[in-house]
Number of protein chains: 2
Amino acid sequence: MNQSGMRGDRRLPPTDPPSLAERIRLEMESFTPSEKRAAHLLLSHYPFAGLDTVAEFASRAGISAPSVLRFVTRLGFSGFPEFQKHLREELEAQLLSPLAKASPSDKGQGAPALASFAEAVIGNLKATVENIAPAEFDAVVALLSDPRRHIHFTGGRFTGALARYAESHFRIVRSHVDFIEGQPALWRDRMIEIGRKDVIVAFDIRRYQEDVTALCETASRQGATVVLLTDPWLSPIARVARHVLPAHIVAPSNWDSSAGLLLLTEALVAAVTKRLWETAKPRMETVERLRNERS
Amino acid sequence: MNQSGMRGDRRLPPTDPPSLAERIRLEMESFTPSEKRAAHLLLSHYPFAGLDTVAEFASRAGISAPSVLRFVTRLGFSGFPEFQKHLREELEAQLLSPLAKASPSDKGQGAPALASFAEAVIGNLKATVENIAPAEFDAVVALLSDPRRHIHFTGGRFTGALARYAESHFRIVRSHVDFIEGQPALWRDRMIEIGRKDVIVAFDIRRYQEDVTALCETASRQGATVVLLTDPWLSPIARVARHVLPAHIVAPSNWDSSAGLLLLTEALVAAVTKRLWETAKPRMETVERLRNERS
DNA sequence: CAAAAGCTGTATCAGAAATTTCAGAACCTG
DNA sequence: CAGGTTCTGAAATTTCTGATACAGCTTTTG
């Protein structure tokens with residue numbers, strides 16, 4: 001039911017109908033606070049958030065109905081119904097034409113920086129996933145799911161934060177989880193009780209940090225199993241690591257991107273949580289209950 | 001690259017959500033004449049025809065409003081609004097996840113889990129970038145590039161690690177950067193020197209943490225500028241935040257994904273580093289030199 | 001620091017939309 | 001072809017939504 005019938009009529013570069021979403025993004029700064037909340041809600045669930053009733057929209061955005069009305073008026077619509085009609089038509093048009101996506105128009109200055117950065121990060125994630133040996137990933141999941149093991153996370157200057165992130169999740173999913181600071185003075189003493197039952201999960205990327213390497217070598221010598229999350233050039237820790245999961249880290253920045261490491265971390269958390277669900281569920285519920293009691 | 005090697009193991013047909021359209025097609029014969037007209041209209045412009053008003057739908061189908069009502073009742077809905085809600089949800093679900101179709105049971109092995117998890121995360125990153133207003137991003141970059149400002153990072157249970165990650169980078173790029181623990185006991189005293197010159201960068205996602213909110217509210221009351229990185233539902237901190245950068249966080253896991261927040265963080269680091277390059281470069285070189293001396 | 005401007009939510013109203021009622025039309029069925 | 005059943009739409013009814021007025025509050029400005 002395409003009334004134009006004209007095929008191959010892409011005369012112009014895909015100028016696209018200037019989406020309402022784009023306009024909102026551009027005008028965002030000129031919005032009042034509650035208009036911004038409305039805009040954020042709409043953009044985050046575009047365009048479905050706008051298809052509900054005014055009351056529903058207002059409540060979800062955390063503002064009042066009149067503010068929503070003012071918002072749509074400000075966008076140039078004569079009323080809420082007209083606004084919804086526009087959204088529906090836009091949605092229908094977009095859904096029916098397979099070109100759909102893209103939206104590379106984005107002239108803005110800041111956007112390109114963010115967009116191209118995201119582009120690169122997404123490329124890293126894809127490359128990371130493709131280069132992980134499934135067996136390796138599974139083996140690590142199995143290792144971290146073994147309740148008899150003790151898990152220790154550690155990392156360097158920047159990656160230490162990722163180790164902490166991992167620890168804060170695993171700590172809830174299972175027992176015997178902790179975080180070890182990278183500085184030798186802080187872990188030397190603890191090494192005495194590291195042994196075969198222990199697993200060290202180390203994060204280490206470029207500008208590999210000697211103290212983290214030393215920690216892993218010591219632990220390995222004591223019989224611990226070392227799991228390493230690193231970059232494709234492999235931290236020296238790889239020599240003592242039982243399992244290595246490399247992630248791509250190059251980004252258009254003066255700094256490396258840790259997004260791939262975070263992806264692996266979160267995927268491990270998800271997999272282990274699922275695998276230990278029987279015991280993890282009550283633990284998560286308990287944590288939740290304790291949090292609520294406090295407040 | 002199916003490591004299981006077991007082919008032909010499609011235990012169950014790809015059940016998929018039984019679309020309403022399918023059901024209508026199956027029951028078509030049992031419809032009355034005017035119901036058929038309604039059904040045909042709906043199927044021919046599925047599902048958009050159903051998103052209009054009853055009157056509009058009836059008119060387009062060439063039947064009366066009550067017939068439309070009887071039609072939707074017959075389909076098992078309690079009323080027209082419920083019918084529309086179903087259409088919207090079906091549409092949203094279909095439009096938003098052309099990627100990770102098999103999220104439910106998926107007891108599958110490691111690699112599929114990792115791959116589909118990555119799919120979802122990548123989707124989050126794209127959605128995050130698209131929903132960030134360029135002006136908002138730029139404004140935050142400008143704010144964090146102002147050498148006269150003091151920057152404080154903070155976050156909740158899980159997001160605290162991201163705040164640390166941000167801090168460890170910004171600390172090198174510029175001066176006057178620190179990290180504030182979320183617990184009130186740890187920051188109450190420091191608030192005395194927080195004022196107009198200060199910027200609080202807060203990370204807070206679902207299960208918003210009251211102590212972080214309290215910190216931001218206090219700081220805001222003292223005249224500090226608050227920047228918030230949160231999820232699309234917006235932490236209550238948004239109330240006092242000057243700038244809000246929302247990131248999509250839903251992943252096929254029992255946990256939310258912070259990858260979008262990390263992306264924004266790294267993009268901010270990259271942008272600010274570039275902007276302050278004249279002063280950042282010598283700082284980075286100095287840090288490098290100090291590290292080497294130590295070893 | 002005071003006045004002004006702007007923003008936002010409460011309460012209220014008008015109107016439109018969905019739903020029900022009911023009588024007439026069409027269609028079987030015997 | 002009469003009696004009964006089913007289907008259908010006009011009109012009445014009810015519900016609920018979108019819109020507005022106004023007052024309180026916050027922020028800005030002089």
Side-chain angles (χ1 to χ4, degrees), chain A residues 27-42 47-88, chain B residues 27-42 47-88 139 195-196 216-226 234 236-244:
Chain A
E27 296 181 28
M28 181 68 81
E29 48 184 338
S30 69
F31 289 156
T32 71
S34 54
E35 281 170 349
K36 275 188 190 169
R37 304 187 99 196
H40 277 129
L41 173 64
L42 180 59
F48 301 98
L51 296 180
D52 260 309
T53 65
V54 169
E56 179 71 16
F57 186 91
S59 141
R60 281 216 250 170
I63 59 180
S64 72
S67 293
V68 175
L69 272 296
R70 283 187 281 262
F71 173 65
V72 301
T73 302
R74 198 177 198 302
L75 292 175
F77 298 99
S78 70
F80 200 74
E82 195 197 309
F83 165 72
Q84 289 192 319
K85 187 167 171 239
H86 178 91
L87 288 181
R88 281 202 306 269
Chain B
E27 298 180 28
M28 181 68 82
E29 301 168 52
S30 68
F31 289 155
T32 72
S34 55
E35 282 170 350
K36 276 186 189 169
R37 306 188 79 177
H40 279 130
L41 172 64
L42 180 58
F48 301 98
L51 296 180
D52 261 308
T53 67
V54 170
E56 180 72 15
F57 186 90
S59 148
R60 281 217 249 171
I63 59 180
S64 72
S67 294
V68 175
L69 270 296
R70 283 188 281 266
F71 172 65
V72 302
T73 302
R74 198 176 199 302
L75 292 175
F77 299 99
S78 72
F80 200 74
E82 195 195 308
F83 165 72
Q84 288 191 319
K85 185 164 173 245
H86 177 91
L87 288 181
R88 282 203 306 270
R196 295 186 186 285
C216 291
E217 282 172 349
T218 303
S220 169
R221 226 175 294 122
Q222 305 252 31
T225 303
V226 176
L234 301 192
I237 295 174
R239 289 187 162 285
V240 299
R242 176 77 60 87
H243 302 290
V244 178

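To find a chain, count down the sequence lines: A is the first, B the second, and so on, and within it residues start at 1.
Between the CD atom of B/Gln84 and the P atom of D/dT17 there is a distance of 12 Å, rounded to whole Å. The interatomic distance linking A/Phe71 (CZ) with C/dC7 (C1') rounds to 16 Å, in whole Å. C/dA18 atom C1' lies 16 Å from atom CG of B/Leu51, rounded to whole Å. Atoms CG (A/Asp52) and P (D/dG18) sit 9 Å apart, rounded to a whole Å. At whole-Å resolution of the value, CZ in B/Phe57 and P in C/dT19 are 13 Å apart. Spacing between atom CZ of B/Arg70 and atom P of D/dG9 amounts to 8 Å, rounded to whole angstrom units. Here the P atom of nucleotide D/dT17 and the CZ atom of A/Phe80 are 11 Å apart, to the nearest Å. The separation between A/Glu56 atom CD and D/dT17 atom P is 10 Å, rounded to whole Å.
For A/Ser67, whose side chain is taken as the heavy atoms from C-beta onward, the closest listed nucleotide among C/dT19, C/dG9, D/dG9 is C/dG9. The side chain of A/Ser34 lies closest to C/dC7 when the candidates are D/dT8, C/dC7, C/dT19. Among the nucleotides C/dT19, D/dC7, D/dT20, the one closest to the side chain of A/Pro66 is D/dT20. Side chain of B/Leu69, nearest nucleotide from D/dC7, C/dT19, D/dA19: C/dT19.
Under a cut-off of 6.0 angstrom, the local environment of CZ in B/Arg239 is sparse, with at most 12 non-hydrogen atoms contributed by other residues, nucleotides or ligands. The environment of CZ in B/Arg242 is sparse: at most 12 heavy-atom neighbours from other residues, nucleotides or ligands sit within 6.0 Å.
A donor-acceptor contact shorter than 3.5 Å is absent between the side chain of B/Glu217 and the backbone of B/Ile237. Judged purely by atom type and a 3.5 angstrom limit, B/Ser59 has no side-chain atom pairing as donor or acceptor with the backbone of B/Ala55.
Between B/Phe71 and B/Phe57, the angle of the ring planes stays under 30°, which puts this pair in the parallel group of the 30/60° scheme.
Residue B/Thr53 places no side-chain N or O under 4.0 Å from the OP1 or OP2 atom of C/dA16. The side chain of B/Ser64 places no N or O atom within less than 4.0 Å of a non-bridging phosphate oxygen (OP1 or OP2) of D/dA10.
At a threshold of 4.0 angstrom between heavy atoms, the contacts of B/Ala55 are confined to the sugar-phosphate backbone, with no base atom among them.
Between B/Arg239 and B/Pro81, it is B/Arg239 whose nearest contact on DNA chain C lies nearer the 5' terminus.
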